[in-house]
Amino acid sequence: MNPQKKLPRKFYTRDVHVVAKELLGKFLVRKTGRIFLTGKIVEVEAYDGSIDKAAHTYGGKTKRNEVMFNEGGFLYVYFTYGMHFCSNVVTGKLNEGSAVLIRAVEPADGIDQMAINRFGKNNISAFELKNLTNGPAKICRAFDIACSLNGIDLTGEEIFILDSPKLSANKIAASTRIGIKKSVDLPWRYYIKNNSFLSRK
DNA sequence: CCACGGATTGGCT
DNA sequence: GCCAATCCGTGGA
């Protein structure tokens, strides 16, 4: 697929692990007013609705997780720990219940606005830059993503993902997922090796 | 009705 | 390295 082109529905309706790995290196774009905030996706986790006890959809459909049962290409935003939002890209077929959690991005465009969203100022240190979007809830703060965007169509204008060349397999690493208590041994966290904006090594 | 705990973060010991 | 912050969906009584 061509660089700088918005990913179409059919990109998202495939297997969650395929989509998760191919999302690495692509650009998350958030339009707020006239400003575009963009960042390269460098770390994700796959949640497979059918067999994954850690997936929010494992126990069946509820009001909270119903967006995750859509077909691929919608945004699932959930609220957790009383103060944080996390963003997921829904994947697969209708009622499959699979999604990819976006855990870290490398800031690209609109960094000043991201810094304001996250730290309340646009003059940030090198440390703060690295700390801007290297975690799932940090991304939501910097990109101004909250529950009002839950269920939004990723093929629309407000938030979407731009294509870029597929990374070769040797640039991608896999590990167990972070922060979960169920299915802890599944190696379903994927990230770009040696990228300095990862949430962890 | 009420208690529990979570796909996290950041501040304090 | 440990733990509080802080909300609300969920599930059990």
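Below, all heavy atoms of this structure are taken into account, side chains as well, without hydrogens, waters or symmetry copies. Residue numbers begin at 1 in each chain, while the letters A, B, ... track the order of the sequences.
If you take atom P in dG1(C) and the same atom in dA7(B), they sit 23 Å apart, rounded to whole Å. Atom name C1', nucleotides dC8(C) and dG10(B): the rounded distance is 22 Å, in whole Å.
Looking only at distances, no side-chain donor or acceptor of N122(A) sits under 3.5 Å from a matching main-chain atom of Q113(A). Listed for the N134(A) side chain is no donor-acceptor partner under 3.5 Å among the backbone atoms of A104(A). Remark: the backbone N or O of S199(A) is paired with a side-chain donor or acceptor of E43(A) at under 3.5 angstrom.
Within the shown strands, nothing qualifies as a pairing partner of dA7(B) under the Watson-Crick or G-U definition with both distances less than 3.5 Å.
Look at NZ on K61(A): it is 15 Å from P on dG11(C), rounded to the nearest Å. The interatomic distance linking N131(A) (CG) with dT9(B) (P) rounds to 9 Å, in whole Å. Between the NE2 atom of H84(A) and the P atom of dG11(B) there is a distance of 11 Å, given to the nearest Å. When the P atom of dG6(B) is taken as reference, atom OH of Y81(A) falls 6 Å away, rounded to whole Å. Summarising the geometry, the separation between CD1 on I139(A) and P on dT8(B) is reported as 12 Å, rounded to the nearest angstrom. Counting to the nearest Å, the P atom of dG9(C) and the OH atom of Y58(A) are 24 Å from each other. The distance from atom CG of N65(A) to atom C1' of dG9(C) is 10 Å, rounded to the nearest whole Å. What separates CG of L101(A) from C1' of dG6(B) is a distance of 13 Å, to the nearest Å.
Stacking between Y47(A) and the base of dA7(B) is present: ring centres sit under 5.5 Å apart and the planes differ by under 30 degrees.
Among the nucleotides dG10(B), dA5(C), dG6(B), the one closest to any side-chain atom of M83(A) is dA5(C). Taking every side-chain heavy atom of R118(A) into account, dG10(B) is the closest of dA7(B), dT8(B), dG10(B). Of the candidate nucleotides dC7(C), dA7(B), dT9(B), dC7(C) has the atom lying nearest to any side-chain atom of F79(A).
One can find a donor-acceptor pair under 3.5 Å joining the base of dA7(B) and the side-chain atoms of Y78(A).
Nearest-nucleotide assignment on DNA chain B puts the 5′-proximal partner with K182(A), out of K182(A) and N134(A). Take the nearest nucleotide of DNA chain B for I180(A) and for K138(A): the residue whose nucleotide is more 5' is I180(A).
With a 6.0 Å cutoff to the six-membered ring centre and a 45° limit on the axis angle, R9(A) does not count as a cation-pi contact of Y12(A). Note that R177(A) lies in the cation-pi zone of Y47(A), set by a 6.0 Å cut-off to the ring centre and a 45° limit from the axis.
Contact annotation for A137(A): backbone-only contact, meaning every heavy-atom pair under 4.0 Å involves sugar-phosphate atoms and none involves a base.
Taking side-chain N and O atoms only, R64(A) has no distance below 4.0 Å to OP1 or OP2 of dA7(B). A close approach under 4.0 Å does not occur between any side-chain nitrogen or oxygen of K181(A) and OP1 or OP2 of dG5(B).
Looking at heavy atoms from C-beta onward, D48(A) lies in side-chain contact with H17(A) at the 4.5 angstrom threshold.
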